[in-house]
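Shown next, in structure tokens, is the structure this report addresses.
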There are 2 protein chains.
Amino acid sequence: MNRYSKQTRLLVAIDCIIFGFDGNEMKILLVQRGMVPEKGKWSLMGGFVQPDESLEEAAARTLNELTGLGNVYMEQLHTFGMPERDPIERTVSVTYFALLDLAKYKVQLSSEFQAEWFPLKKFPRLIFDHSEMVQAARDRLKYKASLHPILFELLPEKFTIPQLQSLFEDVYQASFDKRNFNRKIISTGLLIKQSEKDRINSRKGAFFFKLDKKTYRENFHSILRMIPNPNDSI
Amino acid sequence: MNRYSKQTRLLVAIDCIIFGFDGNEMKILLVQRGMVPEKGKWSLMGGFVQPDESLEEAAARTLNELTGLGNVYMEQLHTFGMPERDPIERTVSVTYFALLDLAKYKVQLSSEFQAEWFPLKKFPRLIFDHSEMVQAARDRLKYKASLHPILFELLPEKFTIPQLQSLFEDVYQASFDKRNFNRKIISTGLLIKQSEKDRINSRKGAFFFKLDKKTYRENFHSILRMIPNPNDSI
DNA sequence: ACAAAAGTGTTAAGGCTACACCCATGG
DNA sequence: CCATGGGTGTAGCCTTAACACTTTTGT
């Protein structure tokens, strides 16, 4: 015997929830679907798992086809498998979410796809169960970012603490006291202060910081408390 | 068009990591595989996803076939999809882990399967990547139980605090100071003290507690700190 | 000199760890 | 009466939230 006979084989897809931060707000990368059904409607970037690739490879390939990027933070999110989720044919979708520094890579989007960055606060209706996938990814991101220094993956190599705070505030839709936020972030020991300042947002200028990669790797899996108590919803 | 032509369809399996606690130690339920390849070797309970069932339904069905149980805590863990993980034919496996009160249900194991409870500390070599799945489930259990009151799912309706503590100690392979453990658990507000005592383990007897189901549901998703600092590894 | 954002310090409260003794009971 | 496991209290430390003023510099 070299097949499990009598069992039904299913299509297995990958869908990627691609988050980016432009220094100001969180965005999500969507594509206009190129095939029927729902051709022309907005959806997550996805594709089918090929016979010889692992799920991680399929996810990385999918991201790369759209953005040209590799070496991006990706994490398996959840697998969606309701029988009727794709009306054409039953498809099980393994979802991954990716975090990237949007400003740096904005221009590289493949023109092969009709892709666009949308603010996470307001993006179009998506096909199938893709909105549910986005919601699950947002929930996971919030959850994980409160315990692990994952949001640094969204920032450029050099960033300022006010930038970091505005990223947290956008993710949590909350405001934080800057003194407490500062103390909390500094106490993680993850930041290395640079001598230069970013003068884009103020006359005084804000010091740049870099991530201490070694400490980052060592502490990534320990449970930290990354955010102070929020003040209010924004 | 009513099929995505040219795409390869894959077998989609469910594998269940079933944890149980017998009042003394954590166990895992394994079956002797009934089909080639690896017939007779120990493996997780699993099966293929059927055409008309969701992944959750398939997982619940798999658990029910083996134990006769329904209404058990189950959670999707991770999807494993290395191309060569099953040498017969490529199979993507969606894993779920289950938590159950072993003492209560020990007898109901279906005789259709050769199933056995093994101590989590020492269980046989498993087929394919099943050991990796168990490790991932243990890691997830530790992680999640440190933040959410998930381990109550392993206990009978009435339980004592020393029982609860020994469960935590087994999961974390650590010992906790009983005064601090007590305070921490009581402060969650999840326990309702009963008037009866359990006199099995001591002459004095330990008070039974029940879970406050309402508080449990309300607080399940908030991030608590469930365990005090461990003293030492056991 | 003033506007606009960056940066910093203190206090009071609550939560945490570490630690040692009394209680209830059956034999 | 004693052995066994169950149950509790506290002091010192650390972390946290709440809160307001000073610094820098371009215009």
Side-chain angles (χ1 to χ4, degrees), chain A residues 23-24 146-147 155 158-170 172 174-210 219 222-234, chain B residues 23-24 146-147 155 158-170 172 174-210 219 222-234:
Chain A
N24 181 46
S146 73
L147 302 164
L155 291 170
K158 289 184 204 171
F159 53 87
T160 67
I161 292 187
Q163 267 171 39
L164 183 61
Q165 181 168 352
S166 73
L167 171 55
F168 271 90
E169 292 184 337
D170 197 46
Y172 289 94
S175 75
F176 302 100
D177 180 282
K178 64 178 173 175
R179 292 158 289 190
N180 293 339
F181 183 83
N182 223 285
R183 207 186 355 268
K184 176 68 79 177
I185 289 295
I186 293 297
S187 76
T188 61
L190 289 167
L191 298 193
I192 302 172
K193 193 173 191 169
Q194 308 301 113
S195 46
E196 318 108 86
K197 284 182 162 190
D198 175 14
R199 299 191 184 276
I200 290 177
N201 297 303
S202 76
R203 315 198 189 280
K204 182 177 179 182
F207 280 104
F208 278 119
F209 288 79
K210 282 187 181 177
N219 288 81
S222 35
I223 297 178
L224 306 172
R225 184 142 179 239
M226 292 299 298
I227 55 171
N229 260 20
N231 295 328
D232 294 301
S233 273
I234 287 176
Chain B
N24 180 47
S146 73
L147 302 165
L155 291 169
K158 290 184 204 169
F159 53 87
T160 67
I161 292 187
Q163 269 170 39
L164 183 59
Q165 180 167 351
S166 72
L167 170 55
F168 272 89
E169 293 185 334
D170 197 47
Y172 288 94
S175 75
F176 301 102
D177 180 282
K178 65 178 173 176
R179 290 157 292 190
N180 293 339
F181 183 82
N182 222 286
R183 206 185 357 267
K184 176 68 76 176
I185 289 296
I186 293 299
S187 76
T188 62
L190 289 166
L191 298 194
I192 303 172
K193 193 173 189 168
Q194 308 301 114
S195 47
E196 319 108 86
K197 284 183 162 189
D198 175 13
R199 299 191 185 276
I200 290 177
N201 297 303
S202 76
R203 315 193 188 283
K204 181 176 180 181
F207 280 104
F208 278 118
F209 288 79
K210 282 188 183 177
N219 289 80
S222 36
I223 296 179
L224 306 172
R225 185 145 177 237
M226 291 300 298
I227 56 172
N229 260 19
N231 294 329
D232 295 302
S233 273
I234 287 176

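Atom set for the values below is all heavy atoms of this structure, side chains included, hydrogens, waters and symmetry mates excluded. Chain naming here is simple, since letters A, B, ... match the order of the sequence lines and numbering starts at 1 in each.
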Hey, what are the protein-to-nucleotides 24-27 of chain D N/O distances that come in under 3.5 Å?
none

**Prompt:** Under the ring-ring contact (aromatic ring centres under 6.0 Å, His included) rule, what pairs show up with a residue in residues 183-208 of chain A, not counting sequence neighbours?
**Reply:**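 Listed once each, the pairs would be none.
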**Request:** Taking all non-hydrogen atoms of both residues into account, name the closest pair between A:Leu191 and A:Phe159 and its distance.
**Result:**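 Nearest pair, atom of A:Leu191 first, then A:Phe159: CD2-CZ, 3.7 Å.
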**Shortest non-hydrogen contact between B:Ser146 and A:Ile223, atoms and distance** =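 Taking B:Ser146 first and A:Ile223 second, the nearest heavy atoms are OG-CD1, 3.7 Å.
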**Request:** With sequence neighbours excluded, tell me which residues meet salt bridge (Lys or Arg N to Asp or Glu O under 4.0 Å) with B:Lys178.
**Result:**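 B:Lys178 satisfies salt bridge (Lys or Arg N to Asp or Glu O under 4.0 Å) with no residue once adjacent residues are dropped.
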**Asked** Mind checking what makes salt bridge (Lys or Arg N to Asp or Glu O under 4.0 Å) contact with B:Arg179, not counting sequence neighbours?
**Response**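 Here the qualifying residues are B:Asp177.
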Could you state the [atom1]-[atom2] distance from [X] to [N], rounded to the nearest angstrom?
X	N	atom1	atom2	result
A:Lys178	C:dT8	NZ	P	11 Å
A:Phe176	C:dG7	CZ	C1'	19 Å
A:Asp177	C:dT8	CG	C1'	11 Å
A:Asn229	C:dG15	CG	P	12 Å
B:Ile186	C:dC16	CD1	P	14 Å
A:Asp198	C:dA4	CG	C1'	15 Å
A:Asn182	D:dA17	CG	P	14 Å
B:Asn201	C:dT25	CG	P	16 Å

**Message:** According to ring pair (Phe, Tyr, Trp, His ring centres under 6.0 Å), who are the partners of B:Phe209, at least two apart in sequence or on a separate chain?
**Reply:**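 Expected list: none.
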**Asked** Residues in side chain to side chain donor-acceptor pair (under 3.5 Å) with B:Asn24, at least two apart?
**Response**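 Partners of B:Asn24 under the side chain to side chain donor-acceptor pair (under 3.5 Å) test: none.
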**Request:** Would you please name every residue forming a side chain to side chain donor-acceptor pair (under 3.5 Å) with A:Asn219, sequence neighbours left out?
**Result:**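 With sequence neighbours excluded, A:Asn219 shows a side chain to side chain donor-acceptor pair (under 3.5 Å) to no residue whatsoever.
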**Prompt:** Which pairs pass salt bridge (charged side-chain N to carboxylate O under 4.0 Å, His left out) with one or both residues in residues 187-207 of chain A, sequence neighbours excluded?
**Reply:**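 Salt bridge (charged side-chain N to carboxylate O under 4.0 Å, His left out) check on residues 187-207 of chain A returns A:Lys158-A:Glu196.
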**Asked** Of A:Ala206 and B:Ile227, whose nearest nucleotide on DNA chain C comes first from the 5' end?
**Response**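 The 5'-side residue here is A:Ala206.
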Polar pairs (N or O, both sides) under 3.5 Å between protein and nucleotides 10-15 of chain D?
residue: D:dT10; atom: O4; partner: B:Arg183; partner atom: NH1; Å: 3.3

